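From a predicted model like this one, the values you see are computed outputs, not experimental measurements. Ligands are counted one by one from 1 in listed order, and the atoms in each one are counted from 1 as well.
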Amino acid sequence: MTSSPTQPQTAHPDPDLAGPLKQYFGHDQLRPIQDQAVADVVAGRDVFVIMPTGGGKSLCYQLPAVLEEGTTVVICPLIALMQNQVELLRGYGVRATLLNSTLEYAEAARRERKALDGGYDLLYMAPERLMSPAGQRLLANLNVARFAIDEAHCISEWGHDFRPEYRQIGTLRAGFGGRFKNTPMIALTATATPRVAGDIVKMLQLQNPATHHGGFERTNLYYEIRPKQQSSQQITQYIQNHPNDEGIIYCTSRARVDQFAERLRGQGIAALPYHAGLDADVRKHNQHDFIYGDTRVIVATIAFGMGIDKPDVRFVIHADMPRHLEGYYQETGRAGRDGLPADCILFYSPADRAKIEYFIEQKTDEVEKQHAYDQLDKVAKFAHTTGCRCVPLFGHFGETHPGSCGHCDNCRNPPEHQDATQDAQKLLSAIVRTGQRFGLGHVIDVLRGSKSQKVIDRGHDQLSVHGIGSTQSKGYWSQLADTLIRNGQLALTTDEFRTAHLTEDSKPVLKGDTKIQFALSRAVAATSSRSPKTSRTSANDTPLSFADQDVFEELRDLRKTLATKQNVPPYVVFGDLALRAMARNRPTTDAQFLDIPGVGQTKLKRYGLAFMDVIRDAN
Ligand code: ADP
Ligand code: ZN
């Protein structure tokens, strides 16, 4: 999935890179796409990286930044994101800082002076700062090695996360008296449809960029869809069944967020709300406590998330249906950034869909309206598929997934096919009896015995087919209809009325010569009958033994103590992956400690003694 038009593929990590990679970041080697992207960055080309969350995008510019002369200026949409990156980098012993509107004047001035003295390898800036007088002054004199544009999709109006202030980045190339006409740029994003990707290249004026596309698949994420029945109870239970895990629950409205958080707290779960209606202070506190403190669950509207980079989010639950797959992908993408398994569970209901359609109907721009309907349709297809979820999910981003991903509910536990020949005959008969002049909604109403005005007015309550399908849900019938349409045994007119009518291939079904097999989607099926075998398991999740688990817990306590003392999130000290390796390998010498993934020189110096003490005690 990688295309890099002029660069040859580098098979082995460059020895010049391997040293600093281990020394600072604690990694033994670059991942294949990073390897190629870094080579292009070092060669001074413009680079465009599309890689899923957790793929390791930041290293593509951070590693070159510590190796090279000059400062890499990183544009990042949110303060919290910048803060997080800078904390992590300083934890590695890298010279990095940030400039944004929250800094006191004197502090900002100090950092600017230091930047001009070449004191930073990486300087993070908010986009609006670029064009501010202070930003202009700074950039005019700074030795800029390159610009890195993080979350680059924010520049496109076709993306789901458009940020007007990102437009200012587009002026870098032409502005500043042409000073940055040839300064290399690297743009990075996790989500871009082909259209958005094209927009990014155009707006940033990337010159013949080397594009590295890592695909979208996140194999450590488990995708599951459940019908929305007693969902709050299901969610509470899920959280209680995973007492050591932290996660996010997304709801569509502020009121629901507040209610949900309250309810969870009532059950003794440390949960806090997050939405744009809360005071900025409260929002900040809640987010902070999720990252640094004891809050285990954040219940949020989609306003939450852009700003967090917490790597150990173990579950993301969509309590309501999302409006588009880009948002869904981005939100679920916040789970499992550390590469360890995480669950993504979506609760689907036709009522949610109707609610969203109501909002879409309020739109006045026809093009926008159609776009919104198309987007919603794709979410429904994704929820209803009885095959691998990766096919519709990544199909939306223009990627052909072969299916059988092994990390979605349908792959782990394929839905059973059932014989629906009789029901198909009922459906087709109802279409014939109503004269092939109505849409599916009406036909299904008749089948289910509706006494609605429309049904009575047409005399359809008098038909023999009226009520013969009352034992099945609307969802069941519309899914069966979808199956017949896919098979060509039923068709809809293409005009706005979408009238259902028979085809040549309907006859054998009515006669009973063709049998209809179909699997009910999980978005419709009753939950009780078949619950998924297991959710999280994956290659990098061999469970710890009991003894190792004890050591892991002790190391975790130590991590928390040190993090609190330094006022950084626990993962800035060490990620879970590193702690698990320590618990398993029990390093007691510097050399052994350096072998732990994520341990470089700085971490060894800062924390080696304390952690090895705990390990020695346990041995
Ligand atoms: P992204 O920005 O693409 O979401 P990050 O840059 O946050 O991804 O990296 C995700 C995780 O992968 C981090 O925990 C990081 O330490 C780890 N990581 C990145 N590159 C490597 C590598 N070459 N080897 C091992 N771990 C890596
Ligand atoms: Zn699958």
Problem - ligand 1 to S58 polar contact by distance, N or O atoms, under 3.5 Å - result: yes
Exercise for the section: Would you check whether Q85 has a nitrogen or oxygen atom less than 3.5 angstrom from a nitrogen or oxygen atom of ligand 1? Expected result: no
Quick check on contacts: which atoms of ligand 1 are under 4.0 angstrom from a heavy atom of [X]?
| X | answer |
| --- | --- |
| L30 | 23 (N) |
| L59 | 20 (N) |
| R337 | 1 (P), 2 (O), 4 (O), 7 (O), 10 (C), 11 (C) |
| G54 | 1 (P), 3 (O), 4 (O), 8 (O), 10 (C), 12 (O) |
| Q29 | 22 (C), 23 (N), 24 (N) |
| T53 | 4 (O) |
| P52 | 3 (O) |

Problem - Rounded to 10 degrees, the angle SG of C411 makes with SG of C408 at the Zn ion (ligand 2) - result: 100°
Exercise for the section: Kindly report the SG-the Zn ion (ligand 2)-SG angle for C388 and C405 respectively, rounded to 10°. Expected result: 100°
Fill in the blank from the handout: The answer for which part of H27 has a heavy atom under 4.0 Å from ligand 1 is side chain
Practice task
Would you verify that at least one protein heavy atom lies under 4.0 Å from atom 19 (C) of ligand 1, or report that none does?
Solution key: yes
Problem - Option of least heavy-atom distance to atom 9 (O) of ligand 1 (set: G56, G55, A578) - result: G56
Problem - ligand 1 contacted by Q34 (non-hydrogen, < 4.0 Å) - result: yes
Using a strict threshold of under 4.0 Å (side-chain N to carboxylate O), is an ion pair present between [Y] and [X]?
| X | Y | value |
| --- | --- | --- |
| R146 | E68 | yes |
| D548 | R580 | no |
| D377 | R353 | yes |
| D482 | R486 | no |

Exercise for the section: Classify the angle between the aromatic ring planes of H407 and Y223 as parallel (below 30°), tilted (30 to 60°) or perpendicular (above 60°). Expected result: tilted
Problem - Backbone of I225 reached by a side-chain donor or acceptor of D409 within 3.5 Å - result: yes
Handout entry: Side-chain donor or acceptor of N410 paired with backbone N/O of C388 under 3.5 Å
Key = no
